[in-house]
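Shown next, in structure tokens, is the structure this report addresses.
Chain identifiers are assigned alphabetically (A, B, ...) following the order of the sequence lines, protein sequences preceding nucleic acid strands; residue numbering begins at 1 within each chain.
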Amino acid sequence: MSLPARVLDTLYQAYGPQHWWPAPTRFEMMVGAILTQNTAWTNVEKALEKLKSEIPTLEASTLLALPPERLAELIRPSGYFRLKTGRLRALCQWFVDAGGFECLDGRTTKELRHDLLGVYGVGHETADSILLYGFERPVMVVDAYTRRIFSRLGAVTPEIGYEPLREWLEAGLGTKDRVSRYNELHALLVRHAKISCRVRPDCASCVLCDICAYSGSDEAIPEA
DNA sequence: AACCAGGAGACAT
DNA sequence: ATGTCTCATGGT
């Protein structure tokens with residue numbers, strides 16, 4: 001079995017299903033994807049809560065109608081609030097102009113990806129998160145945890161680019177149940193990263209040690 | 001009290 | 001193509 005598949009099985013055994021993304025609606029999922037950029041999820045939760053206290057049914061058009069100043073104030077706890085105000089508005093503008101899910105759901109994954117990457121504030125990871133968790137398209141998400149964990153397992157170099165790593169992961173996960181498997185793997189990697197596997201000396205009893213190329217050796221793990 | 005957190009864009013090289 | 005700087009809050 002491929003390494004990505006073994007990691008998925010191992011983490012699933014250890015932590016169980018994660019049923020991501022943790023959002024009640026598809027649109028809130030997209031908002032969360034912007035807010036969580038380089039930011040702890042606990043801070044995003046505070047921002048989302050304040051947002052929803054003002055706008056109970058979180059919709060793109062309603063969000064756009066809000067004065068940018070007010071929006072910035074509401075999402076402040078998520079950090080980078082001035083930047084993210086512009087990014088959220090850009091995402092909402094795109095969403096509304098495109099006709100919402102009604103129209104977007106009919107598009108191909110390639111079209112959506114190209115479109116999303118053209119939106120201000122949406123990079124590779126945010127686009128792929130939205131595709132996988134918001135549109136249930138078979139696209140693996142690569143984040144800092146993903147790169148760190150697989151490079152510390154000795155599977156890839158820390159410098160590997162976003163696309164090469166995504167393609168390597170997707171190739172290793174086979175063609176069956178791609179959406180649910182990509183979903184679980186990414187969510188499990190995040191869950192696992194928060195618990196262990198940060199620094200090697202702390203990694204003595206990590207559930208991935210059986211798979212790790214470095215376990216039992218003194219060779220230094222290359223830092224990202 | 002430094003360090004980090006589910007990145008992306010502008011800009012220089 | 002690749003590297004560096006900036007953006008900001010809240011928890012350890």
Side-chain angles (χ1 to χ4, degrees), chain A residues 4 7-8 11 15 17-23 26 28-51 68-94 113-135 139-152 156-166 169 181-203 208 222-224:
Chain A
V7 169
L8 172 56
L11 294 180
Y15 307 116
Q18 304 298 303
H19 55 268
W20 266 27
W21 184 288
R26 298 173 68 192
E28 183 174 329
M29 179 274 143
M30 298 198 286
V31 172
I34 295 290
L35 295 183
T36 198
Q37 288 170 352
N38 201 39
T39 300
W41 182 252
T42 53
N43 289 3
V44 178
E45 288 181 312
K46 299 177 195 298
L48 282 173
E49 193 164 343
K50 292 181 73 172
L51 246 189
E69 268 181 346
R70 181 63 182 151
L71 177 56
E73 184 181 333
L74 292 169
I75 66 171
R76 187 168 197 169
S78 72
Y80 305 110
F81 61 94
R82 293 185 193 85
L83 270 176
K84 287 173 178 175
T85 295
R87 293 179 181 183
L88 270 184
R89 290 177 56 80
L91 183 69
C92 289
Q93 194 63 249
W94 166 77
R113 192 161 200 268
H114 179 269
D115 245 42
L116 281 166
L117 289 174
V119 177
Y120 170 75
V122 178
H124 295 107
E125 183 185 335
T126 304
D128 291 345
S129 295
I130 291 174
L131 288 171
L132 180 61
Y133 296 106
F135 289 87
V139 181
M140 182 61 196
V141 178
V142 174
D143 62 7
Y145 293 148
T146 310
R147 180 173 291 97
R148 186 195 304 166
I149 290 174
F150 279 97
S151 67
R152 284 184 179 171
V156 299
T157 80
E159 296 82 26
I160 187 171
Y162 186 96
E163 289 300 323
L165 181 50
R166 181 173 66 83
L169 290 169
R181 285 166 66 78
Y182 294 173
N183 180 320
E184 285 301 330
L185 178 56
H186 177 238
L188 285 163
L189 287 169
V190 175
R191 170 75 188 278
H192 177 69
K194 289 176 175 173
I195 295 174
S196 60
C197 242
R198 298 171 156 275
V199 189
R200 177 141 75 118
D202 300 333
C203 206
L208 293 180
E223 280 297 332

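For C/dG3 and B/dA5, the C1' atoms lie 22 Å apart once the distance is rounded to whole Å. Straight-line distance between the P atoms of C/dG10 and B/dA8: roughly 22 Å, to the nearest whole Å. Nucleotides B/dC3 and C/dC5 place their P atoms 15 Å apart, quoted to the nearest Å.
Counting any heavy atom pair closer than 4.0 Å across all strands shown, A/Ser129 reaches no nucleic acid atom.
A close approach under 4.0 Å does not occur between any side-chain nitrogen or oxygen of A/Lys194 and OP1 or OP2 of B/dA5.
The aromatic rings of A/Tyr133 and A/His186 lie tilted to each other, with the angle between the two planes from 30° to 60°.
In this structure, A/Asn43 atom CG and C/dC7 atom P are separated by 18 Å, rounded to whole Å. Atom CD in A/Gln37 sits roughly 16 Å away from atom P in C/dT9 (whole-Å rounding). Summarising the geometry, the separation between CD on A/Glu45 and P on B/dA5 is reported as 17 Å, rounded to the nearest angstrom. We find that CD of A/Glu163 is positioned 17 Å from P of B/dG7, with the value rounded to whole Å. If you measure from atom NZ of A/Lys84 to atom C1' of B/dG9, you get 14 Å, rounded to the nearest angstrom. Following rounding to the nearest Å, A/Ile34 (CD1) and B/dA5 (P) show an atom-to-atom distance of 20 Å. Rounded to an integer number of Å, the gap from A/Leu88 CG to B/dA8 P is 14 Å. For the pair A/Asn38 CG and C/dG10 C1', the interatomic distance rounds to 13 Å; values are reported in whole Å.
For the atom pair A/Lys46 NZ and A/Leu51 CG, the distance stands at 14.5 Å (nearest 0.5 Å). Put simply, OG1 on A/Thr36 and CG on A/Asn43 are 9.0 Å apart, with the number rounded to the nearest 0.5 Å. From A/Thr146, atom OG1 reaches atom CG of A/Leu188 across 11.0 Å, with rounding to the nearest 0.5 Å.
Heavy-atom distances under 4.0 Å link DNA chain B to A/Val119, A/Tyr120, A/Gly121, A/Val122, A/Gly123, A/His124 of residues 114-124 of chain A, given in residue order. Residues of residues 68-82 of chain A that place a heavy atom closer than 4.0 Å to DNA chain C, in numerical order, are A/Arg76, A/Pro77, A/Gly79, A/Tyr80, A/Phe81, A/Arg82.
Enclosure of atom CD in A/Glu69 is not indicated, since only 12 or fewer non-hydrogen atoms of other residues, nucleotides or ligands lie within 6.0 angstrom.
Using a distance-only test at 3.5 Å, with no hydrogens or angles considered, a donor-acceptor pair links the side chain of A/Thr39 to the main chain of A/Ser78. When atom types are taken as modelled, the side chain of A/Glu184 and the backbone of A/Gln18 share a donor-acceptor pair closer than 3.5 angstrom. Proximity of a side-chain donor or acceptor of A/Ser151 to a complementary backbone N or O of A/Arg147 within less than 3.5 Å is detected.
Applying the ring-ring contact (aromatic ring centres under 6.0 Å, His included) rule to A/Phe150 yields the partners A/Trp168; only residues at least two apart in sequence or on another chain are considered.
When the nucleotides C/dG10, B/dA5, B/dA8 are ranked by their closest atom to the side chain of A/Glu125, B/dA8 comes out on top.
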